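Note that the coordinates shown come from a computational prediction; the quantities given were computed from them, not determined experimentally. Keep in mind that the numbers below use all heavy atoms, side chains included, and drop hydrogens, waters and symmetry copies.
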Amino acid sequence: MANLTAGGTAQEAGGSHTPTPKPQPRAASSIFRRVLGHFPTGIVVITAMDDDAPVGFAVGSFTSVSLNPPMVGFFPDKNSTTWPRIQRAGAFVVNVLGDHQREICQAFATSGGDKFRTLSWYQAANGAPVLHDANAWIECDISTVTEAGDHWFVLGRVGDLAVANDRNPLLFFQGRYASLADRP
């Protein structure tokens with residue numbers, strides 16, 4: 001019976017050490033995307049104020065992290081031009097999109113342009129935009145930013161949050177938008 005040691009080697013019960021081979025990447029990015037596309041994700045828009053201008057982008061890699069203290073996280077791409085502006089703000093709002101907001105998602109998923117020009121929104125207590133008619137919103141301060149491959153992992157400390165309506169969420173599944181078939 002082997003036990004894994006802190007140094008990453010397997011230690012036999014008799015005391016001998018056998019190096020544990022490092023796992024090698026086996027999945028091409030296209031296969032990786034295809035397989036993970038079988039996991040449905042909700043879509044949020046992360047917003048902030050940068051130099052008195054609203055900024056934001058759509059994110060499918062959002063998650064709750066901790067209940068006590070309340071924390072959430074998301075993963076912006078390192079090539080994002082919007083993320084540095086949100087990071088500079090130090091605070092953001094997670095806008096949980098409903099299935100009635102596909103056009104908003106598409107606008108925030110593209111680079112450039114004034115995404116807020118035709119939208120109704122108001123400022124949360126931390127100054128970040130809350131999108132009108134989003135299913136819910138979560139107001140956060142940036143706690144930490146950690147490198148995670150070709151993305152960053154942003155950990156946010158929740159300051160306030162609310163459910164705005166009970167519509168179905170906007171989902172992404174197998175490369176396209178999806179809807180819930182049943183609601184509890």
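The backbone N or O of Val45 lies less than 3.5 Å from a partner atom in the side chain of Asn95, making a donor-acceptor pair. At least one donor-acceptor pair under 3.5 Å links the side chain of Thr110 to the backbone N or O of Ala107. With hydrogens and angles disregarded, a donor-acceptor distance shorter than 3.5 Å links the side chain of His38 to the backbone of Arg34. Lys115 places no side-chain N or O within donor-acceptor distance of the main-chain N or O of Pro54, the cut-off being under 3.5 Å. A donor-acceptor pair is defined here as one N or O able to donate and one able to accept, closer than 3.5 Å; no such pair exists between the side chain of Thr63 and the backbone of Val65. For Asn126 (side chain) and Phe92 (main-chain N/O), a donor-acceptor pair under 3.5 Å exists by modelled atom type.
Aromatic pair Phe108/Phe116: centroids less than 6.0 angstrom apart.
With a 4.5 Å cut-off on side-chain heavy atoms, Gln123 and Pro129 do not count as touching. Using a 4.5 Å heavy-atom threshold, the side chains of Cys105 and Leu170 count as touching. Inter-residue side-chain proximity for Phe62 and Val94 is flagged as met; some heavy-atom pair is nearer than 4.5 Å.
Between Arg167 and Asp133 there is a salt bridge, since a side-chain N of the basic residue sits under 4.0 Å from a carboxylate O of the acidic one. A salt bridge between Asp50 and Arg88 is present, with a side-chain N of the basic residue lying under 4.0 Å from a carboxylate O of the acidic one.
Atom CZ of Phe153 is separated from atom OG of Ser61 by 10.0 Å, given to the nearest 0.5 angstrom.
The aromatic rings of Trp83 and Phe57 lie tilted to each other, with the angle between the two planes from 30° to 60°.
Under the side chain to side chain contact (heavy atoms under 4.5 Å, CB included) test applied with Val158, the options Ser66, Pro70, Pro69 reduce to a single match, Pro70.
The hydrophobic cluster containing Leu161 does not contain Leu97, counting ILVMFWY residues as joined when their side-chain heavy atoms lie under 4.5 angstrom apart, directly or transitively. Met71 and Ile138 fall into different hydrophobic clusters, where Ile, Leu, Val, Met, Phe, Trp and Tyr side chains are chained together by heavy-atom contacts under 4.5 Å.
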